[in-house]
Amino acid sequence: MQQLSEQEIQRRLKREQLLLMGINPYPAELFEVNAYAKDIKENYERFKTDYKNISMAGRLMSMRIMGNASFAELQDSTGRIQIYIRRDDICPSEDKTLYNTVFKKLLDIGDYIGIRGYVFTTQTGEITVHVTELKLLSKSLKPLPIVKRDEAGNVYDAVTDPEFRYRQRYVDLVINPQVREVFRKRSQMITLMRQFLNDKGYLEVETPILQPIYGGATARPFTTYHNALETTFYLRIANELYLKRLIVGGYDGVYEFAKDFRNEGMSRFHNPEFTMMELYVAYKDYYWMMDLVEEMIETIALQLHGTTELPVGNHLISFKRPWKRLTMYEAIEHFTGINIAEMEEAELRRVARQLYVHVDASMGKGKLIDEIFSNCCEPYLIQPTFIMDYPVEMSPLAKRHRSKPGLVERFEVICNGKEICNAFSELNDPIDQRQRFEEQLQLSQRGDQEAMMLDEDFLRALEYGMPPTAGLGIGIDRLAMIMTNQASIQDVLFFPQMRPEKKPE
RNA sequence: GAUUCCGUAGCUCAGGUGGUAGAGCAAUACACUUUUAAUGUAUGGGUCCCGGGUUCGAGUCCCGGCGGGAUCACCA
C-alpha cells in the first residue's frame, strides 16, 4: 500500500463522516436520469424546451461556493453543465446540514452526484440547472487533476504526460473531452465499416485466436500453452487462412474484425495487439477490390466527418474517388528516376546502396525492391494511393500476376506515408501454394524468424477447390489514426501496451 | 535493440557556477445570495524516480538502474 497523500486521507475522513451521518457514500439503488447536459444546452434556448422536473447524474467537476448559494459543474456522459445550488432550496426546513455540511464540506471534485431541478439562464447568460434535490451517488477518494478552460478556450494545467494518460486512461477520459471524442469516432468508424460490409451482403464471422499453426502474415508470434491438450498454441498474427477456408466452404463473402498479435517492436505505429479487418470475396480479383476499398473509405470519411477532405497532421488528405494507382515499379521510378523493372539481384543491390538504402547479404530480389520502396517512396505518399504488383517473393499467399512474370496481383494503399491496407487476388492453386510454403520453410531454415509455417490443413482445403477470390486486410488502428488525426497508435487504443507498472513495495 | 531527451507537491511547471525546496491551480479554515480559470485572507502538503559515489554539504556533479517520450532499426 502506497502512502496516502494529504488529500486522499482527507477524502477518506469525509467518507467516514458521511457514514456517521447516516449517508451512504455508495448507495445501492438506481438513480433515474431523464436529462443530459448536451441536450439541455442545445435545446433550451433554441427550442425553448421547458426543462422542469429534470433528473441528472454525473461527476462534480468544479465548485464555486459563495455563502448560501453556490455554482458547480456537473459532467455527465455528454458533457458539462453548470448547476446552481441554493441552501434554502435544497434544505427547505430548519435543518441546513445537507447544504452546510454535506455539500460544502463533504463533497469533492470527482464525486458522483444525482440532482433534480429545473433549467434557467443566469444573469451572465449561462444555461444552468437550478437544483432542488441533491444526492451523493459515489464518493471519489482520489483527487482528479483539474483542467481548466477560460472563455477564450485557453487550457490551464492540461494533463499531457503520456505515461499518466495511457496508464490511467480512465482519468484521461474524465478530464480530456477531446480524448472521449477520438474514441467515439473510432467506434463509429468501425460501425460504419460493418454497416457497409453488411449492406453488401458479406457475413461477419469469428475465427480462432489460439492457433496451432500461425499464418497469413510474415511476423513473429506470441506463444502459449494449452495444458489439457499438452500443445503449444500461437496467438494469431492474421486470420487470413481461416477466412479462406470459409470461402472454400461456400460463403461468397466473409469478414472479421480481428485482434491480431505480433511479437515485435513497439512504436507510435505498432502495438503488440492490434485490430485488422480482413475481407474475402469469391469470384473477384484485386482490381475489383481496389474499387471496393475506395468506395468504402470514401463512404466512411463522408459519413464520419461530412466531407472527404480530412486534416491529418500538416496535410489535408482527400479520400474522394478515384485514388491514384501506381505499380510498385512506377512508384520507384517516379521517386528515384530509376527503372528497376528488368534488374537482377546484383544490380538492385547496387541501386539500393546508391540510394542509401540499408541492405544486407540475406536480402533477395523481392526484399531489396521492398526496401527501396519503403525508404524512397512510402514516406512521400500522403494522399491515398494504390501501389500495385509486388514481387512474388514477398507475397507467398498472392496469385501470380496474369501477365507480368515475377509479380503477384497485390496492392497496398499508402496514406499519410504509411500502409493502411493490403490486398490480393488470392492464390488458389494448391500446388503453387505448397511450393510457396516450401520456399518459406527454406527461409526459415536460413534463420528468418518471420517466415511462414507450412499449413497442411489449409493446403488440404485448397485442394478441395477455392474459387477465385479477392482478399483484403485493413489496419483499423492506422485508419483510425487518420480518421481522428492522431499521430500515435497509442492515442486510438484505450489501453496501449506498456511495460507493467512497478509494484510499490 | 541503438541514439537522444525527460523524471521536483494531487496537476502544470520554476529551481545559473553545489549551500535550509518554490509558484499557480487543487486541498484545509474563514468571509461572501448569480458566479464562471470566481475572489480575498490564512494554513497544511515533498523519499526532488531508485541505488551508489565525489564533497563539510547533492534536486543540482559522476556511475549504475527503473520508467517514459522522440528518432532510427524491424514490422501492419
Side-chain angles (χ1 to χ4, degrees), chain A residues 2-11 13-14 61-73 80 82-89 99 104-105 108-110 120-126 128 130 141-167 171 175 216-220 237-238 260-276 278 358 360 370-371 374-375 378 412-414 418-422 448-450 473-479 481 487-490 498-502 504-505:
Chain A
Q2 214 157 14
Q3 215 168 8
L4 294 175
S5 71
E6 184 196 14
Q7 291 186 47
E8 289 171 307
I9 293 166
Q10 191 65 241
R11 288 183 180 215
L13 290 173
K14 290 178 179 179
M61 293 304 284
S62 73
M63 292 202 266
R64 297 184 287 277
I65 296 171
M66 296 155 293
N68 295 330
S70 302
F71 287 91
E73 278 179 298
R80 286 193 194 183
Q82 175 165 276
I83 61 176
Y84 174 59
I85 300 171
R86 197 158 58 178
R87 187 190 64 187
D88 296 340
D89 287 332
Y99 183 80
K104 278 171 72 173
K105 309 277 185 197
D108 287 296
I109 288 172
F120 75 110
T121 309
T122 62
Q123 283 177 2
T124 49
E126 176 143 355
T128 301
H130 191 127
L141 296 183
K142 273 179 110 59
L144 282 174
I146 297 305
V147 180
K148 292 198 166 183
R149 287 171 180 77
D150 64 18
E151 279 176 43
N154 298 314
V155 176
Y156 301 85
D157 293 343
V159 177
T160 53
D161 176 13
E163 181 174 3
F164 182 94
R165 291 187 43 231
Y166 300 151
R167 286 201 194 278
V171 177
I175 63 181
T218 50
R220 295 168 67 182
I237 57 173
D260 291 340
F261 306 82
R262 298 189 185 174
N263 207 339
E264 292 163 347
M266 291 159 61
S267 75
R268 70 192 183 93
F269 292 102
H270 300 89
N271 195 63
E273 58 182 292
F274 63 102
T275 305
M276 177 109 94
E278 292 202 38
H358 175 79
D360 67 55
D370 188 57
E371 282 296 307
S374 305
N375 282 279
E378 206 174 69
E412 292 189 351
V413 173
I414 313 294
K418 275 281 164 188
E419 173 192 344
I420 57 169
C421 60
N422 182 17
D448 185 344
Q449 289 180 294
E450 292 181 351
I474 294 190
I476 293 298
D477 311 288
R478 286 190 181 171
L479 188 61
M481 285 167 68
S488 164
I489 197 168
Q490 294 162 311
M498 297 185 84
R499 208 176 289 274
E501 250 180 305
K502 226 174 103 183
E505 302 293 321

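Note that these values count all heavy atoms, side chains included, but never hydrogens, waters or copies made by symmetry.
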Could you tell me whether [X] contacts a base, only the sugar-phosphate backbone, or nothing, with contacts defined as non-hydrogen atoms closer than 4.0 Å?
| X | answer |
| --- | --- |
| A:Lys418 | base |
| A:Gln490 | sugar-phosphate |
| A:Phe261 | nothing |
| A:Ile65 | base |
| A:Asn263 | nothing |
| A:Lys104 | nothing |
| A:Glu412 | nothing |

Between [N] and [M], how many Å separate the two [atom1] atoms, rounded to a whole number?
| N | M | atom1 | result |
| --- | --- | --- | --- |
| B:U8 | B:U71 | C1' | 27 Å |
| B:A21 | B:C13 | C1' | 14 Å |
| B:G52 | B:G59 | P | 14 Å |
| B:C62 | B:G18 | C1' | 13 Å |
| B:G46 | B:A23 | P | 14 Å |

Heavy atoms from C-beta onward define the side chain here; which of [options] lies closest to that of [X]?
| X | options | answer |
| --- | --- | --- |
| A:Gln7 | B:U33, B:U35, B:A27 | B:A27 |
| A:Tyr84 | B:A38, B:U33, B:A73 | B:U33 |
| A:Gln10 | B:U28, B:A73, B:C11 | B:U28 |
| A:Ser267 | B:A73, B:G69, B:U34 | B:A73 |
| A:Tyr166 | B:G69, B:A73, B:U34 | B:G69 |

Between the side-chain atoms of [X] and the base atoms of [N], is any donor-acceptor pair under 3.5 Å?
| X | N | result |
| --- | --- | --- |
| A:Glu6 | B:A27 | no |
| A:Glu163 | B:G67 | no |
| A:Gln82 | B:U35 | yes |

OP1 or OP2 of B:C30 under 4.0 Å from side-chain N/O of A:Lys105: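 For A:Lys105, the contact criterion (side-chain N or O under 4.0 Å from OP1 or OP2 of B:C30) is met.
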
OP1 or OP2 of B:G68 sitting under 4.0 Å from any side-chain N/O of A:Arg167?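 Yes, within the criterion.
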
Distance-only donor-acceptor check, side chains A:Ser5 and A:Gln7, under 3.5 Å: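 Judged by distance alone, the side chains do not pair up.
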
Nearest-nucleotide wise, let me know which of A:Gln123 and A:Arg268 is further upstream toward the 5' end of RNA chain B.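 Whichever sits nearer the 5' end wins; that is A:Gln123.
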
